[in-house]
Amino acid sequence: QVQLVESGGGLVQAGGSLRLSCATSGRTASWYTMGWFRQAPGKEREFIASISSSGGSTYYGDSVKGRFTISRDNGKNTVYLQMNNLKPEDTAVYYCAADSRSIYMKTYNYWGQGTQVTVSS
């Protein structure tokens with residue numbers, strides 16, 4: 001079992017930046033592919049980014065390419081999502097996920113509770 005706790009969300013103006021963190025505990029999370037997703041009110045959950053267990057490979061959704069960066073520190077059991085040039089349409093609850101078969105797959109076995117990100121225009 002893996003526990004995931006997101007933090008770092010908040011209110012930011014358009015063009016600003018935020019860094020989300022996902023602290024992992026339980027089974028050795030450093031073994032797992034990790035991902036970030038988001039869900040805005042009335043919309044389906046959207047894939048944002050994923051990172052391999054070593055951190056050597058990453059994959060991004062089209063809507064955030066060039067603006068968001070996923071990274072991980074296995075020594076700290078933490079995954080990060082650096083979000084730059086934020087737009088109002090980035091407003092959503094952001095979720096961390098663990099344990100997928102590939103960085104290209106959208107199915108994960110473990111999920112956090114989410115952190116709210118609100119971008120004002």
Minimum side-chain heavy-atom gap [X]-[Y] below 4.5 Å:
X	Y	result
I103	T58	no
R38	S63	yes
M105	T33	no

Can you check whether [Y]'s main-chain N or O pairs, donor with acceptor, with [X]'s side chain at less than 3.5 Å?
X	Y	answer
T118	L11	no
Y60	G66	no
S100	T107	yes
T91	V119	yes
E6	Q113	yes
Q13	S120	no

Roughly how far apart are [X] [atom1] and [Y] [atom2], rounded to 0.5 Å?
X	Y	atom1	atom2	answer
Y110	D99	OH	CG	6.0 Å
T69	M83	OG1	CE	11.0 Å
E46	Q39	CD	CD	10.5 Å
S17	N85	OG	CG	8.0 Å
I48	Y59	CD1	OH	12.0 Å

Legend entry - Partners meeting ring-ring contact (aromatic ring centres under 6.0 Å, His included) with F37 (sequence neighbours left out):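 F37 satisfies ring-ring contact (aromatic ring centres under 6.0 Å, His included) with F47, Y108, W111 once adjacent residues are dropped.
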
Inset, instruction - Please collect all disulfide bond (SG atoms under 2.5 Å apart) contacts where either partner lies in residues 73-121, sequence neighbours excluded, each pair once. - result: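 Pairs touching residues 73-121 that pass the test: C22-C96.
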
Legend entry - Of all pairs that satisfy disulfide bond (SG atoms under 2.5 Å apart), the ones with a partner from residues 26-76, not counting sequence neighbours: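 Matches after skipping sequence neighbours: none remain.
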
Inset, instruction - Any ring-ring contact (aromatic ring centres under 6.0 Å, His included) involving residues 63-102? Give me the pairs, sequence neighbours left out, ordered by first then second residue. - result: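 The answer is none; no pair qualifies.
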
Legend entry - side-chain hydrogen bond (donor to acceptor under 3.5 Å, both in side chains) against R67, all qualifying residues, sequence neighbours excluded: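 Listed in chain order: D90.
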
Inset, instruction - For N74, check side-chain hydrogen bond (donor to acceptor under 3.5 Å, both in side chains) against everything at least two apart and list the hits. - result: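 Listed in chain order: R72.
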
Legend entry - Nearest atoms (heavy-atom pairs only) where S121 meets A14: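 In terms of heavy atoms, the two residues are closest at CA-CB, 4.4 Å.
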
Legend entry - Over 12 non-hydrogen atoms of neighbours within 6.0 angstrom of NZ in K106: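 Result for NZ/K106: enclosed.
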
